[in-house]
There are 2 protein chains.
Amino acid sequence: MPTREHPSNLSNRRSRRPTAAERREEILSEGLRCFAARGFNGTTTRRIAESVGITEAALYRYFRSKESLYSAIVARKIETPLLFDRAEDAARRRDDTAVFTALASGVLKGGTADPEFLRLLFFTALESHELAAPLFASHVDPLREFVTDYVRMRIAEGAFRPIDPLLGARAFLGMIRDYLNVRIVHGESEAYPQSLDEVVATFVDLFLTGVRADPR
Amino acid sequence: MPTREHPSNLSNRRSRRPTAAERREEILSEGLRCFAARGFNGTTTRRIAESVGITEAALYRYFRSKESLYSAIVARKIETPLLFDRAEDAARRRDDTAVFTALASGVLKGGTADPEFLRLLFFTALESHELAAPLFASHVDPLREFVTDYVRMRIAEGAFRPIDPLLGARAFLGMIRDYLNVRIVHGESEAYPQSLDEVVATFVDLFLTGVRADPR
DNA sequence: TTTTCTATTTAGTAAATACTTACTAATCTG
DNA sequence: CAGATTAGTAAGTATTTACTAAATAGAAAA
């Protein structure tokens, strides 16, 4: 049996051993893949180590427990800022269509581009991990608050009908998130004939027609 | 240590040993509780047996494997028919408000009354159990198809605007299901000031105002 | 080269887990 | 009641799992 790390590993480029920082990244990234696929309880440290290409013992030099690795992965997601600059710009201009299009588009495209995040979010919530609350506080609540505030403001300005702003926000975000959930959690198996832009346009149109005080 | 099954168990009523059928039910019901709380991988056969009040060996007389117990629990949910008679009645009368109110109310009240089902649904999908597809086919797809068909019909009749019927259905169901998910999966911790009826009324109003060809 | 330091592996351990075997207590039937 | 059957338990087994101590390979510095 040849040595595991064959010197001419992939062409004849020298296969340098990764630095500690690089290795840590590899572990975080593979860990995310595994945990997102099977959850905390469904993932073994052995499996993570294998998919990184190291032994469990090596993994434990970087993280002192499975739990702390999981926390590091979730914590990094928590730190990743949730941006909605374009929606904020549009909000200042009172461009309702642009506001909700930017939000819907951001959530849908972000979610389909990074399905692992969504699955991790669900597993973390379902498995009642202690970082579930911070994760929601950083990536779910701000969006709802932004939409709620915007709806409240537009009602005050007479542009939207006087509904409960929180329920309005939940309605709009619900359409988008549920669409995403069905696609990501239920798997890509089903057919999704529409492009994401069509989906966004339809949801925004439906919602705005529904809330506007003066329907055209 | 006294014998486990103390003769005067709960007052002095004779505590009969449950029949096999009764015991099976107990196991299914406790199994559901455990699996819904912690998922398949997070639940041990020992824990299930303990919460039934028997040993693991006894459990294995009823189900030949943990997997087959899980399947029996999910299969029973699959067999439970999904009813929406009231919505169908209302659909025949073309009473849009009644149709969507019945659907929203049914989903929301069913979901809050039986949160275990929702959690089991999510765990089954996330953990990629083989019965996930049948479960969705029996309890998710029919609802979507019903709404899609109704929206298509109302568009053809000129009552609704010409949107994509499937997206219309997803939008409406999305509002409702996401509201439920946040409440059930994220936990009851958050405050939900509105009664379910208020929530239903707002969502139905928003949606119908959004899709109607002739907004009042 | 030799030394030093770190990354990694080999080879474990103790506890947990799904499942089983050998036996016993409870209930039913004639 | 005797005999048969069913429901249950105590005490395992084999394997997996999270985690660790000690030896070793790899790179950089002296």
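Sequence lines set the chain letters: A, B, ... in the order given, protein chains first and strands last, and positions in each chain run from 1. Any value given below was found using the heavy atoms of this structure, including those in side chains, with hydrogens, waters and symmetry copies removed.
Atom CZ of A:Arg38 is separated from atom C1' of D:dT17 by 16 Å (rounded to the nearest Å). Rounding to whole angstrom units, CD1 of residue A:Ile54 and P of D:dA25 are separated by 19 Å. Spacing between atom CG of A:Leu59 and atom C1' of D:dT17 amounts to 14 Å, rounded to whole angstrom units. Look at CZ on A:Arg46: it is 9 Å from C1' on D:dT16, rounded to the nearest Å. In this structure, A:Arg61 atom CZ and C:dC5 atom P are separated by 14 Å, rounded to whole Å. Remark: P of C:dT17 and CG of B:Leu69 are 16 Å apart, rounded to the nearest angstrom. For the pair A:Tyr60 OH and C:dT10 C1', the interatomic distance rounds to 17 Å; values are reported in whole Å. Atom CG in A:Asn41 sits about 15 Å away from atom P in C:dA16, given to the nearest Å.
A salt bridge links B:Arg23 with B:Glu26; the closest basic N to acidic carboxylate O contact falls under 4.0 Å. Under 4.0 Å is where a charged nitrogen must lie from a carboxylate oxygen, and between A:Asp95 and A:Arg86 no such pair does. Between B:Glu30 and B:Arg33, at least one side-chain nitrogen of the basic residue sits less than 4.0 Å from a carboxylate oxygen of the acidic one, meeting the salt-bridge criterion. Ionic pairing of B:Asp141 and B:Arg144 is present here: one or more N-O contacts between side-chain nitrogen and carboxylate oxygen are shorter than 4.0 angstrom.
Contact annotation: B:Arg24 does not reach the phosphate of D:dA7 (side-chain N/O to OP1 or OP2, under 4.0 Å). Here B:Thr45 does not reach the OP1 or OP2 of C:dT17: none of its side-chain N or O atoms lies under 4.0 Å away.
Closest to the B:Thr55 side chain, of the nucleotides D:dA7, D:dA10, C:dA18, is D:dA10. For A:Thr44, whose side chain is taken as the heavy atoms from C-beta onward, the closest listed nucleotide among C:dT8, D:dT9, D:dT17 is D:dT17. With distances taken from any side-chain atom of B:Ala57 to the nucleotides D:dA18, C:dA18, D:dT9, the minimum falls on D:dT9.
A donor-acceptor contact closer than 3.5 angstrom is absent between the side chains of B:Glu198 and B:Thr202.
In this structure, B:Thr43 reaches the sugar-phosphate backbone alone: every heavy-atom distance under 4.0 Å involves primed, P, OP1 or OP2 atoms, never a base. Within the 4.0 angstrom heavy-atom criterion, only backbone atoms of the sugar-phosphate kind lie near A:Ser65; the bases stay farther away. Among the atoms of the strands shown, none is found under 4.0 Å from any heavy atom of A:Phe63.
Taking the six-membered ring where the residue is Trp, the centroids of A:Phe35 and A:Phe123 are separated by 6.0 Å or more.
Residues A:Ile184 and A:Phe117 form no side-chain contact, since every pair of their non-hydrogen atoms from C-beta on lies 4.5 Å or further apart.
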N/O to N/O distances under 3.5 Å, protein versus nucleotides 12-14 of chain C:
none

